[in-house]
Undergrad: 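Have a look at this one.
This one's a predicted model, so the numbers in the text were calculated from it and none came from an experiment. Position 1 is the first residue of the sequence, and the numbers go up from there. Ligands are counted one by one from 1 in listed order, and the atoms in each one are counted from 1 as well.
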Amino acid sequence: MRYFIGNWKMFGVPKSINILNKINSFHSTDKNRNKYRVIITPPYTLIESYAKYFKNKKISIGSQNCYQKEQFSSNTAAVSPYMLRSVGAQYTLVGHSDNRGEGDTDSMLKDKVKHALKNNLKVVFCIGENKSEKKNKKTLSILKKQLIKVLEKNFNKNNIIVAYEPIWSIGTGKIPTVSELKKTTIHIKKVLESIFKKNSPAVLYGGSVDGSNVEMFKEIREIDGFLIGGASKSSKKFIDIIKNYYR
Ligand code: PGA
């Protein structure tokens, strides 16, 4: 199974559902439709209405983050996994570099993953090195550290997806080379196998993915799909990624 996950970040109002309707129509009739899943993570404000609307359709709705406590607490503006699940979210991103940059630590991320899984949300756990770590050849060790500090053997790996997003690639148009990315993805899967003592969960790539570069990634069979930011805000761009991937 492949995954095409659209991360809307701070984008979208109720009528933006038109974008998802077009993606849903494409997916419903695509001859490759059984080979992949489409998940969209709109902002918190849209999760309930979108999840209701797409309940029995192809697209699944997820959240971009969740708070590191399970149910209710006195943290202003926080939204818990329990609250997200109760309005129909099926997935949540955890550890996006935007949120790590705003102060999410490994121990907070561990609590987020734990409580999300406990509340039946599937977790898309994001990792990635920054530009200077890459320059200093620290990529593989940084990724390993990000994985082992947060994921544990007793987490259900069937409900976890890992998204590798090099920070220097997000929103910049820069992407890793095929050989670099293949090596990195194999490394991530090896680390995950050692954590879970089982087959690795799915590993996605994210960072400037679009309809013109996605064909390059299909050479790397270890990549199980994509986390797509900018290009997920346009139905045409998002559909082009899927079309070109299977062409
Ligand atoms: P991008 O964002 O596709 O715009 O680079 C990816 C992400 O941040 O998830």
Undergrad: Going by the order shown, which atoms of ligand 1 are within less than 4.0 Å of some heavy atom of Lys9?
TA: 2 (O), 6 (C), 7 (C), 8 (O)
Undergrad: Within a distance under 4.0 Å of any heavy atom of Gly207, pick out the atoms of ligand 1 and give their elements.
TA: 5 (O)
Undergrad: Check whether any N or O atom of Ser208, backbone or side chain, sits under 3.5 Å from an N or O atom of ligand 1, and answer yes or no.
TA: yes
Undergrad: Any nitrogen or oxygen of Ile170 lying under 3.5 Å from a nitrogen or oxygen in ligand 1? Just yes or no.
TA: no
Undergrad: Are any of the N or O atoms of Gly230 closer than 3.5 Å to those of ligand 1?
TA: yes
Undergrad: Should Arg85 and Glu70 count as an ion pair when the cut-off is N to O under 4.0 Å?
TA: no
Undergrad: List the closest protein heavy-atom neighbour of atom 9 (O) of ligand 1: residue, atom name, distance to the nearest 0.1 Å.
TA: Glu165 OE2, 2.7 Å
Undergrad: In this structure, which one of Lys189, Lys183, Lys182 forms a salt bridge (Lys or Arg N to Asp or Glu O under 4.0 Å) with Glu222?
TA: Lys182
Undergrad: Report, in ascending order of atom number, the atoms of ligand 1 lying under 4.0 Å from any heavy atom of Asn7.
TA: 9 (O)
Undergrad: For the side-chain hydrogen bond (donor to acceptor under 3.5 Å, both in side chains) test, which of Thr92, Asn99, Asn65 pairs with Lys112?
TA: Asn65
Undergrad: Can we say Lys110 and Asp104 salt-bridge, meaning some charged N sits less than 4.0 Å from an Asp/Glu carboxylate O?
TA: no
Undergrad: If the test is side-chain contact (heavy atoms from CB on, under 4.5 Å), which one of Phe54, Phe238, Tyr50 qualifies with Ile40?
TA: Phe238
Undergrad: Considering only heavy atoms of Gly229, which atoms of ligand 1 have at least one such atom less than 4.0 Å away?
TA: 1 (P), 2 (O), 3 (O), 4 (O), 6 (C)
Undergrad: Taking the six-membered ring for Trp and the single ring otherwise, decide whether the centroids of Tyr245 and Phe226 are under 6.0 Å apart.
TA: yes
Undergrad: Within a distance under 4.0 Å of any heavy atom of His96, pick out the atoms of ligand 1 and give their elements.
TA: 7 (C), 8 (O), 9 (O)
Undergrad: Taking 4.0 angstrom as the limit, do Glu193 and Lys197 come out as a salt bridge?
TA: no
